[in-house]
Amino acid sequence: YGCPQCGHYFARGSIASGNTFGSRLYSDGKRISPMLPDFSELTRCESCHKIFKIRDARKIGSYDFWKQPEERFANVNSAEELEIADYFEAIRQGIPENKDEEHKLRREIWWAYNDRMRNDGQIFSDDQDEILWKENLEILLDLLDQNKPAEHLMMAEIQRNLGDFEACMNLLKTFDHPDLSWVKDIMTGECRRGNRWVVEVR
């Protein structure tokens with residue numbers, strides 16, 4: 001692809017086939033699948049440093065990852081992975097064009113914070129970082145739809161992360177979806193134990 005600002009080349013992976021073998025599912029709804037990787041919808045150009053949606057970039061061509069690429073693609077780097085600060089910058093720049101896009105972006109921020117814990121790290125770098133995390137969760141709560149089972153559980157999980165165990169339990173009590181009752185049971189147990197943080201559920 002070519003950056004929509006300066007035309008600098010970057011590559012983005014794609015999947016011909018995949019599976020969820022060896023996947024790990026977490027209480028925040030994130031699934032990590034070694035054989036089915038996620039590709040971000042946003043990146044930052046390594047040349048002009050502009051953050052943009054990959055769908056806005058110009059497609060130049062394609063090549064097989066397992067074969068020697070043609071010369072013009074030989075030194076092309078993969079799309080840059082965004083950091084938490086980049087996601088917040090994208091919101092300030094107005095990159096999300098509607099509530100659905102803002103919801104997805106703020107969910108990515110939530111998951112990125114939780115990734116620090118998933119990687120055995122510290123979730124906050126300083127007090128300001130925690131303030132931004134809290135503000136993001138409060139806004140994300142308003143963007144979720146309780147009528148959608150997965151988002152209903154996310155709302156409960158956010159309340160648990162915020163330390164409002166009563167609100168979490170109230171949301172779990174009104175959750176009625178047989179296929180996801182086992183997740184509800186795990187979250188209820190963590191809530192009763194007073195655990196605020198993300199846990200692996202499967």
Side-chain angles (χ1 to χ4, degrees), residues 4 24-32 38-45 49-56 79-119 121-177 180 183-184 186-188 190-191 194-201:
R24 304 174 73 176
L25 180 64
Y26 292 85
S27 52
D28 60 359
K30 182 169 183 177
R31 182 189 300 275
I32 299 176
D38 288 326
F39 297 108
S40 177
E41 296 178 5
L42 298 179
T43 189
R44 181 191 289 276
C45 178
H49 309 296
K50 177 183 175 62
I51 297 174
F52 57 89
K53 297 173 186 173
I54 291 178
R55 73 183 189 210
D56 292 337
E80 186 173 315
E81 293 286 335
L82 297 186
E83 302 289 339
I84 289 173
D86 298 321
Y87 285 123
F88 280 122
E89 182 180 337
I91 290 173
R92 288 194 298 271
Q93 291 179 2
I95 289 178
E97 297 178 16
N98 51 55
K99 285 187 175 181
D100 184 56
E101 290 187 0
E102 183 180 357
H103 157 221
K104 290 180 180 178
L105 187 48
R106 290 191 179 277
R107 186 188 63 189
E108 288 296 324
I109 293 173
W110 179 33
W111 286 354
Y113 273 108
N114 285 344
D115 284 344
R116 294 174 176 176
M117 299 194 71
R118 280 184 269 263
N119 295 322
Q122 185 174 336
I123 188 168
F124 307 124
S125 57
D126 53 36
D127 290 343
Q128 181 60 29
D129 197 30
E130 183 173 2
I131 289 170
L132 289 172
W133 166 83
K134 184 174 184 289
E135 289 177 349
N136 181 67
L137 288 189
E138 289 171 344
I139 295 171
L140 178 56
L141 262 177
D142 289 335
L143 294 170
L144 294 172
D145 183 352
Q146 191 172 334
N147 294 315
K148 298 178 180 178
E151 294 187 20
H152 189 150
L153 284 178
M154 283 187 180
M155 292 173 71
E157 177 72 353
I158 288 172
Q159 295 290 14
R160 189 174 72 86
N161 288 174
L162 292 171
D164 192 338
F165 298 115
E166 182 178 356
C168 176
M169 291 294 283
N170 286 337
L171 281 163
L172 290 174
K173 287 175 183 175
T174 59
F175 182 78
D176 183 20
H177 195 286
L180 293 171
V183 180
K184 172 183 174 178
I186 291 172
M187 291 174 63
T188 298
E190 296 300 325
C191 207
N195 176 29
R196 292 176 57 189
W197 305 115
V198 65
V199 294
E200 187 174 348
V201 295

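- Take Ile139 and apply the side chain to side chain contact (heavy atoms under 4.5 Å, CB included) test, not counting sequence neighbours, and it matches Glu102, Arg106, Leu143.
- Summarising the geometry, atom CG belonging to Leu153 is positioned 9.5 Å from atom SG belonging to Cys168; distances are rounded to the nearest 0.5 Å.
- Counting heavy atoms from C-beta on, the side chains of Asp115 and Lys30 come closer than 4.5 Å.
- Taking the side chain as every heavy atom from C-beta outward, Ile84 and Leu132 never approach each other to under 4.5 Å.
- Using a 4.5 Å heavy-atom threshold, the side chains of Ile32 and Arg118 count as touching.
- Aromatic ring orientation, Trp197 versus Trp133: tilted (interplanar angle from 30° to 60°).
- Residue Leu42 comes nearest to Ala90 through the heavy atom pair CD1-CB, 4.2 Å, listed as atom of the first residue, atom of the second, then distance.
- Remark: Asp56 CG to Glu41 CD distance equals 11.0 Å, nearest 0.5 Å.
- With values rounded to the nearest 0.5 angstrom, Met155 atom CE is found 12.5 Å from Leu137 atom CG.
- Once rounded to the nearest 0.5 Å, the distance linking CG of Leu172 with CG of Asp176 reads 12.5 Å.
- Checking side-chain atoms of Asp86 against main-chain N and O of Glu83 turns up a donor-acceptor pair under 3.5 Å.
- Minimum heavy-atom separation, Pro149 to Asn147: CD-O, 3.7 Å.
- Evaluation of the ring-ring contact (aromatic ring centres under 6.0 Å, His included) rule for Phe165 yields no partner, not counting sequence neighbours.
- Interatomic distance, Asn114 CG to Asp28 CG, rounded to the nearest 0.5 Å: 4.5 Å.
- Applying the salt bridge (Lys or Arg N to Asp or Glu O under 4.0 Å) test to every pair with at least one member in residues 127-136, sequence neighbours left out, gives these pairs: Arg116-Asp129, Lys134-Glu138.
- With sequence neighbours excluded, no residue forms a salt bridge (Lys or Arg N to Asp or Glu O under 4.0 Å) with Arg196.
- Take Glu80 and apply the side chain to side chain donor-acceptor pair (under 3.5 Å) test, not counting sequence neighbours, and it matches no residue.
- With sequence neighbours left out, Glu101 forms a side chain to side chain contact (heavy atoms under 4.5 Å, CB included) with Lys53, Arg55, Pro96, Glu97, Asn98.
- With sequence neighbours left out, Glu200 forms a side chain to side chain donor-acceptor pair (under 3.5 Å) with Arg24.
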**Report entry** Intermediate values then yes/no, side chain to side chain contact (heavy atoms under 4.5 Å, CB included), Ile95 and Leu105
**Finding:** CA-CA 10 Å; Ile95 289 178; Leu105 187 48; 5.6 Å; no
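- The CD1 atom of Ile158 sits 9.5 Å away from atom CD of Glu151, with the distance rounded to the nearest 0.5 Å.
- Partners of Asn161 according to the side chain to side chain donor-acceptor pair (under 3.5 Å) rule, which considers only residues two or more places apart in sequence or in another chain, are Trp110.
- Here salt bridge (Lys or Arg N to Asp or Glu O under 4.0 Å) pairs that include residues 159-173, with residues two or more places apart or in two chains, are Glu157-Arg160.
- With sequence neighbours excluded, the residues forming a side chain to side chain contact (heavy atoms under 4.5 Å, CB included) with Ala79 are Phe10, Thr43, Ile54, listed by chain and number.
- Residues passing the side chain to side chain donor-acceptor pair (under 3.5 Å) test with Lys184: none are found, sequence neighbours excluded.
- Under the 4.5 Å side-chain criterion, counting only non-hydrogen atoms from C-beta, Gln146 is in contact with Thr174.
- With a 6.0 Å radius and a threshold of 12 heavy atoms from other residues, nucleotides or ligands, Glu89 has its CD atom above the threshold.
- For Arg44 (side chain) and His49 (main-chain N/O), a donor-acceptor pair under 3.5 Å exists by modelled atom type.
- Within the 4.5 Å cutoff, the side chain of Met154 has no heavy atoms near those of the Leu140 side chain.
- The minimum heavy-atom distance linking Ser40 with Tyr87 is given by the pair OG-OH, 4.2 Å.
- Applying the ring-ring contact (aromatic ring centres under 6.0 Å, His included) criterion to His103, with sequence neighbours excluded, gives no partner residue.
- Annotation for Leu141 and Gln159: closest pair CD1-NE2, 3.6 Å, computed over non-hydrogen atoms.
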